Q: 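This is the structure I want to talk about, given as structure tokens.
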Amino acid sequence: MDFSVVCIDMFQTLVDVNSRRHLFWHEVLQEKYSERLAEEYSASWVELFNERFNDAARLSSGFATVKSIAAICFDKVFTKTGLTFDSEHAAQMWIDEHKLAPPYDDTKVFLQSVSAYFPVCLVSDADDEMIWPHLEKYQFDMVFISERFKAYKNTPDGKLFRAVINHYQTVPQKVIHIGDGYNDIGGANRVGITACWLNRDRRKWNHNVKPNHEVASLIEAASLLGIQVNNIIRDD
């Protein structure tokens with residue numbers, strides 16, 4: 001594949017936030033905690049958050065932070081379920097879990113291997129505070145975070161991905177973006193960037209906008225770029 005720039009998502013692509021989901025709900029539910037209840041409340045919150053976030057992502061003005069969107073959705077879930085927990089505090093806890101999210105087994109070797117051949121930049125729908133602890137662990141050529149640019153990946157004007165194109169002074173076809181979600185694929189597609197869907201869980205794609213490529217791991221993504229990775233480096 002003839003690319004000159006690789007950009008990549010952070011959460012559920014390089015680090016696994018979902019692995020900390022039950023820790024979060026254990027803190028919220030306290031003595032009421034059960035796996036069943038945690039899954040139920042988590043599913044309700046995710047549905048609300050995705051709807052609210054997608055609405056925010058469609059706007060080219062009036063930017064709202066991820067934390068503010070999360071707080072609104074927690075407030076709705078807590079009100080509906082009768083939980084007496086502060087929604088602002090829950091949103092901060094949720095942000096903190098993103099800071100602590102562990103890397104996938106293939107993250108470090110992917111970044112080390114691919115960075116030897118391509119500039120690798122981070123493109124993340126996130127607030128700054130969600131990202132900065134990870135920037136101390138992983139090196140990127142450049143970082144494009146939605147809070148800094150006041151735009152999300154799938155914003156109609158394509159501002160975040162266009163910033164990538166402008167920074168590297170290249171054409172969209174020379175850029176590939178790797179991510180796990182619809183906004184990764186839809187946003188990249190919107191500006192002509194090649195979109196690679198990282199589908200670790202072998203899910204079915206249910207959207208009209210299709211990814212250009214699909215991989216099940218970052219090792220496969222490296223192979224797509226013409227880089228063979230044989231050994232997985234694990235963090236201590």
Side-chain angles (χ1 to χ4, degrees), residues 1-16 57 101 103-126 131 134-135 137-149 151-205 207-233:
M1 296 293 176
D2 186 21
F3 298 114
S4 59
V5 179
V6 175
C7 52
I8 193 162
D9 173 50
M10 175 63 79
F11 300 110
Q12 298 308 118
T13 298
L14 295 175
V15 299
D16 185 7
Y104 290 100
D105 285 342
D106 53 7
T107 292
K108 189 173 181 180
V109 69
F110 174 86
L111 292 176
Q112 288 181 349
S113 300
V114 175
S115 293
Y117 297 91
F118 299 93
V120 178
C121 66
L122 178 69
V123 182
S124 182
D125 280 341
I131 293 293
H134 299 291
L135 299 184
K137 302 174 186 176
Y138 315 114
Q139 298 298 313
F140 299 97
D141 183 72
M142 186 64 182
V143 173
F144 300 85
I145 302 174
S146 55
E147 186 178 17
R148 299 183 186 181
F149 286 83
Y152 290 110
K153 293 173 189 171
N154 207 20
T155 300
D157 61 9
K159 182 178 179 180
L160 196 57
F161 279 119
R162 291 190 190 283
V164 175
I165 296 167
N166 292 337
H167 175 78
Y168 288 104
Q169 291 294 290
T170 188
V171 294
Q173 295 78 10
K174 291 283 189 178
V175 182
I176 184 170
H177 176 69
I178 304 165
D180 72 295
Y182 171 73
N183 286 321
D184 292 287
I185 306 308
N189 179 276
R190 186 185 297 278
V191 300
I193 286 175
T194 298
C196 178
W197 182 33
L198 177 58
N199 184 16
R200 294 185 184 274
D201 300 324
R202 303 291 187 178
R203 293 169 289 152
K204 182 179 179 181
W205 186 260
H207 306 283
N208 291 330
V209 177
K210 306 294 184 183
N212 300 102
H213 303 280
E214 178 181 342
V215 295
S217 71
L218 290 175
I219 304 303
E220 286 188 24
S223 180
L224 180 67
L225 295 167
I227 302 168
Q228 299 304 313
V229 178
N230 297 316
N231 299 308
I232 292 179
I233 302 172

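Computed over heavy atoms, backbone and side chain alike; hydrogens, waters and symmetry mates excluded. Since we're looking at a predicted model, the values are computed, not measured.
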Q: If you define the side chain from C-beta out and look only at heavy atoms, does anything of His167 sit under 4.5 Å from Val5?
A: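 They are not in side-chain contact.
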Q: Are side-chain heavy atoms of Tyr138 and Val15 found at a separation under 4.5 Å?
A: yes
Q: Taking the side chain as every heavy atom from C-beta outward, state whether Leu224 and Ile176 have any atom pair closer than 4.5 Å.
A: yes
Q: List the atom of Ala222, the atom of Val114, and the distance in Å for their closest heavy-atom pair.
A: CB-CG2, 4.2 Å
Q: How close do Ile193 and Phe161 get, heavy atom to heavy atom, and via which atoms?
A: CD1-CD2, 3.8 Å
Q: Using modelled atom types and a 3.5 Å cut-off, is there a donor and acceptor pairing between side-chain atoms of Arg162 and backbone atoms of Asp157?
A: yes
Q: Any idea which heavy atoms bring Tyr168 and Phe144 closest together, and the distance?
A: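 Minimum heavy-atom contact is CE1-CE1, 4.3 Å.
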Q: With the side chain counted from C-beta on, respond yes when Asn154 and Tyr182 share a heavy-atom pair under 4.5 Å apart, and no when they do not.
A: yes
Q: One pair to check against side-chain contact (heavy atoms from CB on, under 4.5 Å): Ile219 and Val109. What are the steps and the verdict?
A: CA-CA 8 Å; Ile219 304 303; Val109 69; 3.8 Å; yes
Q: With rounding to the nearest 0.5 angstrom, report the CD1 to CG distance, Ile145 to Leu160.
A: 9.5 Å
Q: How many angstroms lie between atom CD of Gln173 and atom CD1 of Ile165, to the nearest 0.5 angstrom?
A: 8.5 Å
Q: Checking the side chain of Trp197 only, and the main-chain atoms of Gly179 only, is there a donor and an acceptor separated by less than 3.5 Å?
A: no
Q: Is the number of heavy atoms from other residues, nucleotides or ligands within 6.0 Å of CZ (Arg203) greater than 12?
A: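 Counting neighbours around CZ of Arg203, more than 12 heavy atoms of other residues, nucleotides or ligands fall under 6.0 Å, so yes.
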Q: Between Asn166 (side chain only) and Ala163 (backbone N and O only), is there a donor and an acceptor less than 3.5 Å apart?
A: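 The answer is no, because no donor-acceptor pair under 3.5 Å joins these two groups.
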Q: Measure the shortest side-chain to side-chain distance between Leu218 and Leu198 over non-hydrogen atoms and say whether it is less than 4.5 angstrom.
A: yes
Q: Do any N or O atoms from the side chain of Thr107 and from the backbone of Leu14 form a donor-acceptor pair under 3.5 angstrom?
A: yes
Q: Side chains of Ile227 and Tyr117, heavy atoms from C-beta outward: is any pair under 4.5 Å?
A: yes
Q: Using a 4.5 Å cut-off on heavy atoms from C-beta on, say whether the side chain of Asp2 contacts that of Lys174.
A: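 Sidechains of Asp2 and Lys174: in contact.
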Q: Quick one: are His177 and Val123 in side-chain contact, heavy atoms under 4.5 Å?
A: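 With C-beta onward as the side chain, the pair touches.
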Q: Please evaluate residues Val120 and Asp141 with respect to the criterion side-chain contact (heavy atoms from CB on, under 4.5 Å), reporting the C-alpha separation (whole Å), side-chain torsions for both, the decisive distance (0.1 Å), and the verdict.
A: CA-CA 5 Å; Val120 178; Asp141 183 72; 5.6 Å; no
Q: Assess whether side-chain contact (heavy atoms from CB on, under 4.5 Å) is satisfied between Val229 and Phe110, documenting all intermediate values.
A: CA-CA 8 Å; Val229 178; Phe110 174 86; over 6 Å; no
Q: Checking Lys108 side chain against Asp105 main chain: does a donor-acceptor pair fall under 3.5 Å?
A: no
Q: Distance check, rounded to the nearest 0.5 Å: Ile178 atom CD1 versus Cys196 atom SG?
A: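 Rounded to the nearest 0.5 Å, the CD1-SG separation comes out at 5.0 Å.
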Q: Output all residues satisfying ring pair (Phe, Tyr, Trp, His ring centres under 6.0 Å) with Tyr152, sequence neighbours left out; order by chain, then residue number.
A: Phe53, Phe63
Q: Quick one: list whatever passes side-chain hydrogen bond (donor to acceptor under 3.5 Å, both in side chains) with Asn189, sequence neighbours left out.
A: none
Q: Under the 6.0 Å and 45° cation-pi test, does Arg200 pair with Tyr104?
A: yes
Q: How far apart are the closest heavy atoms of Pro119 and Ser4, and which atoms are they?
A: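 Looking at all heavy atoms of both residues, the shortest contact is CD-O, 3.2 Å.
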Q: Drop me the distance from His213's NE2 to Leu225's CG, to the nearest 0.5 angstrom.
A: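 So the gap between those two atoms works out to 9.0 Å.
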Q: Could you list the residues that satisfy salt bridge (Lys or Arg N to Asp or Glu O under 4.0 Å) with Asp9, not counting sequence neighbours?
A: Lys153
Q: Which heavy atom of Glu220 sits nearest to which heavy atom of Val215, and what is that distance?
A: OE1-CA, 3.5 Å
Q: How many angstroms lie between atom CD of Gln228 and atom OG of Ser113, to the nearest 0.5 angstrom?
A: 10.5 Å
Q: Taking all atoms of both residues into account, what is the closest heavy-atom pair of Ser124 and Met10, and its distance?
A: OG-CB, 4.0 Å
Q: Return the CD1 to CZ distance between Ile8 and Phe140, rounded to the nearest 0.5 Å.
A: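 Result: 7.0 Å between the selected atoms.
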Q: Determine, stepwise, if the pair Ile131 / Phe11 fulfils side-chain contact (heavy atoms from CB on, under 4.5 Å).
A: CA-CA 9 Å; Ile131 293 293; Phe11 300 110; 3.8 Å; yes
